[in-house]
Peer 1: 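Supplied in structure tokens, the structure appears directly below.
Here is how names work: the chains are called A, B, and so on, in the same order as the sequence lines, proteins then strands, and each is numbered from 1.
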Protein chains: 2
Amino acid sequence: MPDPDPVLPLLWRHNAPSADGAPRRGPKQKVSVDDVVDAAIDIADAEGLAALSMRGLAQRLNLGAMTLYTYVATRNDLVVLMVDQVLGRTALPAHPDDLRERLALVVRVQYDDCRAHPWLLDVTGVRAWLGPHMADRYEWQLGAVEGLGLDDIEMDQTVTLLATFGTGVARAEQAVRHAERETGMSDAVWWEANYEALGEVMAGHDYPLAGRVGTAAGEAYQAASDQRRELEFGLARIIDGLVAHIAERGR
Amino acid sequence: MPDPDPVLPLLWRHNAPSADGAPRRGPKQKVSVDDVVDAAIDIADAEGLAALSMRGLAQRLNLGAMTLYTYVATRNDLVVLMVDQVLGRTALPAHPDDLRERLALVVRVQYDDCRAHPWLLDVTGVRAWLGPHMADRYEWQLGAVEGLGLDDIEMDQTVTLLATFGTGVARAEQAVRHAERETGMSDAVWWEANYEALGEVMAGHDYPLAGRVGTAAGEAYQAASDQRRELEFGLARIIDGLVAHIAERGR
DNA sequence: TAACGACATCGTACGGCGTACGGAATATGT
DNA sequence: ACATATTCCGTACGCCGTACGATGTCGTTA
């Protein structure tokens, strides 16, 4: 059996100098792990996860680059800490009485977090649970679907469906922002600049539905897509489906 | 107004030497753009998008690294070409007669492509439409919801909902695979190795729902999650919701 | 046929990245 | 006072994308 993941104690802050009273040898750390992680979150919030470099982070903290490695073992571990820490910042609201509102809130909390910290969407391969705030989050999500007559598996699947949807819409939105930042022009400007070129290049091809729907969407949205509306539309459909399923289970 | 995106002609292959009869000066290209993109897809399929480097790709093609830049302007452009090219490989099936099957197929095609080429999930900020096969795909998706009484906006939103869900489930699955590759152990092994450590570290915290549901899920799935089941569960709920909405629109 | 100009190929180099390594400084335990 | 554990950090290695310029190869033109 392999060794346990060494990031776990750090995630749960079981080795903080202040946790046990025992003082450490050597110089005091200039900053705390939380300071490091908070600064990293600031950078990622402002410039994206790709722009978060160990050197840059160290500079912001007035540390040498390699000093960071006395706080975290690798950049990957740092990202794991960032995720858990940033999830801990949002206070989880009480579950509304109304079932539909309760389900919607799970989606909206997920969506809002991903909007506030788009780099969350770039984090790959963090195992579920893992950190205290991730665990809090999962516990809270399950609380929204407790006592509805669903079995444990269905509770997990329901929560996963809601969270996946919230994340998915946020990701679509981030994709647009990302493209905007990269090309330096808004969606609308990009389409204006490329409309003619697209027409030339597509000569001979025909997309009757896509052309019609794309034009209608573009006019309605004043952009190629509108994530707010998509959120409301999808949310309504998913909740309809879930409520019907729950009603059937309850019978 | 800014200049149009220079990758467009290449995407639609409007500057291929063989497209117009006019022969080019200078030496023939050793390989074709399609060869380059296909080789890049091979690498990304096998080792992920992060493992696709210009040097590595060039080596596989027996080219100098910089030679690639006579085929594509940047690595980013290459990725855009890869997306369109790989989408073109899957033949889009005819739409089934049954509505539910038609909607489900949109999800499954999306899901299957993302499973076959997980690096698609790592591509950020590709504008919709853009390439011929992306356009084909969108046209096909819209065809699944044509003639149901939905207006254009709702057609777009419906298709987006289905595609988002398929992508989302595939992404959850990829996250697990990614973690497995990184740590070199399967989900089950990881949990076995970390069960004790998690217990120690979580001492004092209590997660009644998460603990119960997580255990039940773990036993049922023999893993922390089961994307196949999640796909079926979510698909059923979403289709229920969509069909109800369509029925109401038709009235 | 010879010279020209466009194009493909590719070696070198620059500035970035994560991080392995080892030395110096600083605190505690003996 | 000394040993030891810990922090801090400069240097260096091997990656990355890609800017630049030299060199060779071809179609075109004189």
Side-chain angles (χ1 to χ4, degrees), chain A residues 6-7 9-10 15-33 35-36 39-40 43-44 47-82 122-125 182, chain B residues 6-7 10 15-33 35-36 39-40 43-44 47-82 119 122-125 182:
Chain A
V7 82
L10 186 52
N15 51 357
S18 54
D20 39 5
R24 300 256 195 119
R25 290 189 183 180
K28 310 291 183 197
Q29 293 196 138
K30 288 189 176 175
V31 298
S32 70
V33 174
D35 292 337
V36 171
I43 294 176
E47 322 219 23
L49 198 60
L52 171 68
S53 71
M54 298 301 272
R55 288 178 231 263
L57 175 58
Q59 193 161 27
R60 167 184 280 240
L61 292 164
N62 291 317
L63 294 175
M66 292 313 293
T67 306
L68 288 178
Y69 288 92
T70 62
Y71 295 85
V72 294
T74 68
R75 182 180 187 275
N76 245 321
D77 280 8
L78 171 64
V79 173
V80 171
L81 294 179
M82 289 168 64
D122 297 328
V123 177
T124 60
E182 237 183 30
Chain B
V7 81
L10 187 52
N15 52 356
S18 54
D20 40 5
R24 299 258 196 116
R25 289 191 180 178
K28 310 290 181 198
Q29 293 196 140
K30 289 188 177 175
V31 299
S32 70
V33 174
D35 291 338
V36 171
I43 294 175
E47 322 219 24
L49 198 60
L52 171 68
S53 71
M54 299 301 272
R55 288 179 231 266
L57 175 58
Q59 193 160 27
R60 166 184 281 239
L61 292 163
N62 290 317
L63 294 175
M66 292 313 292
T67 305
L68 288 178
Y69 288 92
T70 63
Y71 295 84
V72 293
T74 68
R75 181 181 187 275
N76 245 320
D77 281 7
L78 172 64
V79 173
V80 172
L81 295 179
M82 289 167 64
W119 51 269
D122 298 327
V123 178
T124 61
E182 237 184 29

Peer 1: Closest-nucleotide mapping onto DNA chain C: is A:Met66 or B:Val31 further toward the 5' terminus? I mean the 5' end.
Peer 2: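 It is B:Val31, whose closest nucleotide lies nearer the 5' terminus.
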
Peer 1: Heavy atoms only, 4.0 Å cut-off, all strands: where does B:Leu52 land among base, sugar-phosphate and nothing?
Peer 2: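 Counting heavy atoms under 4.0 Å across all strands, the contact made by B:Leu52 is with sugar-phosphate only.
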
Peer 1: What is the distance from OH of B:Tyr69 to C1' of C:dC7, rounded to the nearest Å?
Peer 2: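 It is 19 Å, rounded to the nearest whole Å.
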
Peer 1: Would you classify B:Thr70 as touching base, sugar-phosphate or nothing, given that sugar-phosphate means primed atoms plus P, OP1 and OP2, and contacts are heavy atoms under 4.0 Å?
Peer 2: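 Base contact.
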
Peer 1: Mind checking B:Gly64 for me? I need base, sugar-phosphate or nothing, with any heavy atom below 4.0 Å counting as a touch.
Peer 2: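 If one applies the 4.0 Å heavy-atom cut-off, B:Gly64 turns out to touch the sugar-phosphate alone, with no base involved.
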
Peer 1: Base of D:dT4, side chain of A:Arg25 - is there a donor-acceptor contact under 3.5 Å?
Peer 2: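 Yes, a donor-acceptor pair under 3.5 Å.
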
Peer 1: Please examine the side chains of A:Leu10 and A:Asp77, heavy atoms only from C-beta on, and report whether any two atoms are closer than 4.5 Å.
Peer 2: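 SC-SC contact between A:Asp77 and A:Leu10 ruled out.
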
Peer 1: If I take atom CG in residue A:Leu68 and atom C1' in nucleotide D:dC8, what distance separates them, rounded to the nearest angstrom?
Peer 2: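 From A:Leu68 CG to D:dC8 C1': 11 Å.
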
Peer 1: Picking from D:dT18, C:dA6, D:dT7, which would you name as closest to the side chain of A:Pro27?
Peer 2: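 Taking heavy atoms from C-beta onward, the closest nucleotide is D:dT7.
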
Peer 1: Select from A:Asn62 and A:Gly26 the residue whose nearest nucleotide in DNA chain D is closer to the 5' end of that strand.
Peer 2: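 The residue whose closest nucleotide sits nearer the 5' end is A:Gly26.
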
Peer 1: Where each residue is assigned the nucleotide of DNA chain D containing its nearest heavy atom, which of B:Arg75 and B:Lys28 is assigned the position nearer the 5′ end?
Peer 2: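 The residue mapped nearer the 5' terminus is B:Arg75.
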
Peer 1: Answer yes or no: side-chain N or O of B:Arg55 and base N or O of D:dT18 forming a donor-acceptor pair under 3.5 Å.
Peer 2: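 Per atom types, the contact qualifies.
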
Peer 1: Taking the minimum atom-to-atom distance to the side chain of A:Gln29, which one of C:dT9, D:dC8, D:dG17 wins?
Peer 2: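 It is D:dC8.
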
